[in-house]
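A quick write-up on the structure given underneath.
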2 protein chains.
Amino acid sequence: MKSETYRNTKQRSRILEILCHTDSHPTASWLYDQMKPEFPSLSLGTVYRNLGILEEQGLLKKLRSGSTFDRYDANTYPHAHFCCTECGSIYDMRDVEIPDMVQTVNKQTPHNVLEINLSYMGICEECLKKK
Amino acid sequence: MKSETYRNTKQRSRILEILCHTDSHPTASWLYDQMKPEFPSLSLGTVYRNLGILEEQGLLKKLRSGSTFDRYDANTYPHAHFCCTECGSIYDMRDVEIPDMVQTVNKQTPHNVLEINLSYMGICEECLKKK
DNA sequence: ATTAGTAATCGGAATGATTACGAATAAAGG
DNA sequence: CCTTTATTCGTAATCATTCCGATTACTAAT
C-alpha cells in the first residue's frame with residue numbers, strides 16, 4: 001500500500017533538517033509552528049504524513065512514552081530517554097547500551113525482540129531547582 | 001483538586017478485581033465490555049475515571065507504550081514488558097531488576113529518576129509460529 | 001435506622017491528537 | 001515541455017479520552 005518512490009519536497013526535507021538540529025524531541029504541532037512562517041500554506045496533515053514517511057525511511061523514531069501526544073527523534077541510534085513528569089521535557093541518555101540488551105534479552109525469551117524502549121521517568125534538573 | 005476520601009463502589013472494585021485476575025493488560029473498552037453484562041447501565045467514562053482513581057491510589061499502572069491507546073496493569077511491582085508489534089499483545093517480563101536500575105541511573109544523572117519504563121518491542125511467540 | 005453531605009454514576013457532549021479525503025499542485029523522468 | 005503521479009492543502013472524520021450536569025448511592029453522624 002505504501003509507495004515505492006519518494007519525491008523530495010521542501011516541506012519534508014525541512015522537517016528532517018529541523019529535527020536533526022534539535023535535541024528537544026519535538027511534537028508535530030511544534031514543527032508546524034516552526035515551519036509556518038516559511039511555508040504559510042503549510043497543513044498540519046502534511047507534517048504528520050511526512051513524519052510517517054521519514055519514519056518509514058528509518059530517518060527518525062516516533063516516541064510515544066510519556067505524554068498523550070507523540071514526539072519525534074532524528075537520533076536513530078538506540079538510546080534511552082529521560083522524561084520529566086513535571087514539565088514534559090525529554091532528554092537523551094547514553095548510559096545503557098541498548099543493542100547489547102537486545103541480544104541478552106533474546107536469549108531469555110521465546111519472542112523475537114527487535115528493539116527496546118527504555119525511558120526513565122522522574123523530575124528533571126530544571127524542575128528540581130524550582131522546589 | 002483531587003478528593004481526599006474515596007468511597008467503595010461496586011464498579012470500581014470489580015474493575016480492580018478483573019485486572020488482578022488477568023495478565024493481559026486490558027484496555028478501558030475491554031474492561032467496559034467485560035463488565036457491561038453485570039452492570040447494564042455502565043458508562044465508559046466510569047471505567048476511565050475509576051482507572052484514574054485506582055492509579056492515584058497506587059493500585060495499578062497505566063501502560064502507554066506500544067499502542068495508540070492505554071492499557072492497565074494491576075501488577076505494580078516494577079517489571080519490563082514485551083509488546084508484540086504484530087498482534088498488540090503485551091507480556092510481562094521479569095529478567096531485569098528495575099529497582100536496581102533506578103538506583104544505578106540516579107547516580108549517573110542530575111535528574112531525579114523515580115521509575116523506569118522498559119519495553120521490549122518485537123514479534124511474539126504466537127505470531128512467529130504463523131510465519 | 002434516618003438523614004445530610006458529597007463522591008460517584010450515567011449519558012452524552014466536548015476535547016485533542018491523529019488520520020483520511022478529494023481536488024489542486026509540483027517533483028521527476030522522458 | 002509533457003506526462004505521470006506523489007505530495008500538498010484544507011477540511012472533515014476518527015478515535016481514545018475527558019468533561020459536564022443531573023441523578024444516584026456511599027458513608028459517617030445524628
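Letters go in sequence order (proteins before strands), and every chain restarts at 1.
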Rounded to 10°, the angle between the first-five-pair and last-five-pair axes of the helix from C:dA1-D:dT30 to C:dG30-D:dC1 is 40°
May I have the distance from B:Gln57 (atom CD) to C:dA8 (atom C1'), rounded to whole angstrom?
13 Å
Backbone of A:Phe69 reached by a side-chain donor or acceptor of A:Ser67 within 3.5 Å
no
Less than 3.5 Å apart, any donor N or O on the side chain of A:Asp92 or A:His25 sitting next to an acceptor on the other?
yes
Counting distance only, does the side-chain N/O of A:His111 pair as donor-acceptor with the main-chain N or O of A:Thr109 below 3.5 Å?
no
Looking at A:Ser119 and A:Phe82, would you say the former's side chain and the latter's main chain have a donor-acceptor pair under 3.5 Å?
no
note: A:Phe69, atom CZ; D:dC15, atom P; distance rounded to Å ~ 22 Å
Once each nucleotide of nucleotides 24-30 of chain D is scored for protein heavy atoms under 4.0 Å, what B/S/- sequence comes out, 5' to 3'?
-BBS---
Pairwise distance CG(B:Asp73) to CG(B:Asp70) - rounded to 0.5 angstrom
12.5 Å
Show me, pair by pair, the donor-acceptor contacts under 3.5 angstrom made by side chains of residues 43-51 of chain A, not counting sequence neighbours?
| residue | atom | partner | partner atom | Å |
| --- | --- | --- | --- | --- |
| A:Ser43 | OG | A:Gly45 | N | 3.3 |
| A:Thr46 | OG1 | A:Arg49 | NH2 | 3.3 |
| A:Asn50 | OD1 | A:Arg12 | NE | 2.7 |
| A:Asn50 | OD1 | A:Arg12 | NH2 | 3.3 |
| A:Asn50 | ND2 | A:Thr46 | O | 3.1 |

Nearest-angstrom distance from the residue atom CD of A:Glu56 to C1' of D:dT7:
14 Å
Going by heavy atoms closer than 4.0 Å, what residues in residues 37-54 of chain A are next to DNA chain D?
A:Ser41, A:Leu42, A:Ser43, A:Thr46, A:Arg49, A:Asn50
What's the CG-P distance between A:Leu63 and C:dA17, to the nearest Å?
17 Å
Side-chain (B:Asn106) to main-chain (B:Val113) donor-acceptor, under 3.5 angstrom:
yes
Residue pair B:Glu125 / B:Tyr91, side-chain donor-acceptor N/O under 3.5 Å:
no
Would you jot down, in residue-number order, the residues of residues 12-19 of chain A having a non-hydrogen atom under 4.0 Å from DNA chain D?
A:Arg12
With the threshold set at 4.0 Å, does a side-chain nitrogen-carboxylate oxygen contact exist between B:Glu86 and B:Lys130?
no
Report yes if some heavy atom in the side chain of A:Tyr72 is under 4.5 Å from a heavy atom in the side chain of A:Lys61; otherwise report no.
no
Just by distance, no angles: are the side chains of A:Asn117 and A:His81 close enough, under 3.5 Å, to form a donor-acceptor pair?
no
Between P on D:dT17 and CZ on A:Arg64, what's the gap in Å once rounded to a whole number?
12 Å
Show every salt bridge (Lys or Arg N to Asp or Glu O under 4.0 Å) that has at least one partner inside residues 26-46 of chain B, sequence neighbours left out.
B:Arg14-B:Glu38
State whether the side chain of B:Thr85 and the backbone N or O of B:Gly122 hold a donor-acceptor pair below 3.5 Å, judged by distance alone.
yes
